[in-house]
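Just so it is clear: chains get the letters A, B, ... in the order the sequence lines come, proteins before strands, and each one is counted from 1.
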Amino acid sequence: MLTYIIRRIVSLIPVLIGVSIIVFMFIHLIPGDPVLSILGERAAVENVERVRKQMGLDKPIWEQYFLYVGKVVQGDFGRSIRSNTPVMDEIRAKLPATAELALWAMIFAVLIGVPAGIISAARRNSIFDTLAMFVALIGVSMPVFWLGLMLAFVFSVWLGWLPFSGRLDPTITLIPHTGFMVLDSLIDGNWKALGNSMSHLILPSLALATIPLAIIARMTRSSLLEELTQDYIRTAKSKGLAERTVLFRHALKNAFLPVVTTIGLQVGALLSGAILTETIFSWPGIGRWLYGAIGARDYPIVQGVALLITFIYVFVNLLVDISYAFLDPRIRYQ
Amino acid sequence: MAELVPLDVGALDIKYSFFRQAVRRMWSYRSARIGFFVILFFVLVAICVPIFWYYDAKSDSNLPEKLLPPSWAHPFGTDQLGRDVFRRVAHGAPISLQVGLVAVALGLGVGSVLGMIAGFLRGWVDSVIMRLMDILLAFPATLLAIGIVAARGPGLGNTMIAIGIVSIPGYARIARSMVLSLREREFVSAAQAIGAGPFRVLFRHILPNGLSPLVVQATLNIATAVLEAAALGFLGLGAQPPQPEWGAMLSDSYKFLTVGAWWPVLFPGLAIMLTVLGFNLLGDGLRDALDPRMLVTTKRF
């Protein structure tokens, strides 16, 4: 097991180097002079030179790359061009908001998607199956931002049940401990803040959950159906086991492997979906910040957030691979 | 998802080619038929609208009629500049289909050639190409597309390039495994024995025999491409206003939801959803029809 984990980690090194090269190259892909593109064509010469120096763009390209990687390894993602604050500090302040949103979305997606997939497979071609798979198909076909807007219109503008934007009403105070508002309000026993933060979470996390939910439900169903055709299932049934036992003790265990992979892959969808969802719901996380930075041409922020999201994605997929090997001994010995 | 119907194997007449059989099988799935007609509808709209219904996006605003709810004169209402939403949604069809098709053609072309070369030559070429693909796959797809457009500048052309690039690794992997599974087969050795060069073997012998997974991937990929183009348009990175691109229309109008104007948001979104749904239905049906395992269907629960 340990050799498998080490082998997987080692195989990640070239990928991470490649990712860092691509993110680094981002600034050189910009047509024309990146500094002029940031400051505008009419910027004063001394400003142009200052920013060029600050971003290290006056050095040869290979030196720039090694400087960049050297800093990134130490957790230094550079400074924002507009505000001059370190990108890493801002990420630290804004990441909990995104993490909380993505976590709730993932909880929704797994808690609804997996059971829906199981029931669909077990009661194949039933009304539930047809309906659930139709809804799931709609789910993967919908732009996540459009669903978010429609939810916001119905539940916030029209019915007035839930808030449209932000994480917490400005009238409510909450002392940050972890940055996760639901957790923070629980720690302080602040019930008013708990209810308020949860009501802010519902719409964006539901919107963000839709696509992963639909994909997880479809994957669970097809993976379980595939498993149910295997010989060992026929054996189990023919020796008289209850359908429930066959389904849960035999089929589900094996069907779960591809589902775990799917769940891992959805983390990427959640993180990039957060860019859209946070923008719509004015959610103060890294996604909306990235969106703002693209518009303002604050490239160090764009690079920093892109690198961070990709690292998280790669890391989660590593965890998925390891858990896969943990669940299925055959993989370890390949 | 297409229904898994038990097949009447006798109906699959040997005299029909594999693709003809596959098309017949696909046609037997109701969902694939629905998908086909939805796509046909949007394709007809995309072809006819620019020919028969003149539209100049630049001189279209009519402020006295802004934000009118749906009516007989404006079936989808009007937006914040008084533009007819129905007209703009109709004129958005060619844009979205064009983005989907061009992006997929780019990804399919580059990706499958790279994958076929990797699978055919093996060795260091294979390693280099596939490691590069791994690196591209390490990025979440939408993020990579956003990054490429953010660097190259907003616009439809860069949107198509970005979405195409993002889809390259998927095709490369499929094409590579297809070549690996076919290259040792007898018909390939036979072609080589009668003196066919590597290009002829790859493109005339291997490719036609392994085309089906690529076709399925391409169909489903058009759906993803339309969605990603809409997302980029919504973020202001894709088509630029006043172009009637569906994603960009949403981003223009969503701020007016708070004053109760739902129609300029609902209809472009529905158009995106239906188009994507059509390609997903057709792609699922194609996949089931082209999957040889589907020939033998086992009785299940």
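- Ranked by heavy-atom pairs shorter than 4.5 Å toward chain A, the options B/Arg152, B/Glu228, B/Lys255 are led by B/Arg152.
- The candidate with the highest count of non-hydrogen atom pairs below 4.5 Å against chain A, out of B/Ile272, B/Leu136, B/Leu266, B/Asn280, is B/Leu266.
- The shortest side-chain heavy-atom distance between B/Asp284 and A/Arg218 falls under the 4.5 Å cut-off.
- The main-chain N or O of A/Phe153 is never found under 3.5 Å from a side-chain atom of B/Trp262 such that the two would form a donor-acceptor pair.
- Only the side chain of A/Phe164 comes within contact range of chain B, with heavy atoms under 4.5 Å apart.
- In terms of heavy-atom pairs under 4.5 angstrom with chain B, the leader among A/Thr310, A/Leu276, A/Asn317 is A/Thr310.
- When all heavy atoms of A/Tyr291 and B/Leu235 are compared, the pair lying nearest together is CE1-O, 3.2 Å.
- The aromatic rings of B/Phe234 and A/Phe145 sit parallel, their planes meeting at an angle under 30°, below the 60° perpendicular limit.
- Heavy-atom contacts from other residues, nucleotides or ligands closer than 6.0 Å to CZ of A/Phe128 number more than 12.
- Summarising the geometry of B/Leu257 relative to A/Leu149, their closest heavy-atom pair is CD1-O, 3.5 Å, with the distance given to 0.1 Å.
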Exercise for the section: Please assess A/Ile275 against B/Leu143 for the test side-chain contact (heavy atoms from CB on, under 4.5 Å), listing each intermediate value before the final yes or no. Expected result: CA-CA 9 Å; A/Ile275 301 168; B/Leu143 178 74; 4.0 Å; yes
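- Between B/Phe139 and A/Val23, the closest heavy-atom pair is CE2-CG2, 3.8 Å.
- When each of B/Leu277, B/Thr275, B/Leu227 is tested with A/Ser141 by the rule side-chain contact (heavy atoms from CB on, under 4.5 Å), just one qualifies, namely B/Leu277.
- A/Val302 does not touch chain B: none of its heavy atoms, backbone or side chain, sits under 4.5 Å away.
- Of the two parts of A/Val140, the backbone and the side chain both hold a non-hydrogen atom closer than 4.5 Å to a non-hydrogen atom of chain B.
- Taking B/Pro140, B/Ala141, B/Ser251 one by one and counting their heavy-atom pairs under 4.5 Å with chain A, the maximum is reached by B/Pro140.
- Pairing each heavy atom of A/Val15 with each of B/Ala138, the nearest pair is CG1-CB, 3.7 Å.
- Residue A/Leu290 touches chain B through its side chain alone, counting heavy-atom pairs closer than 4.5 Å.
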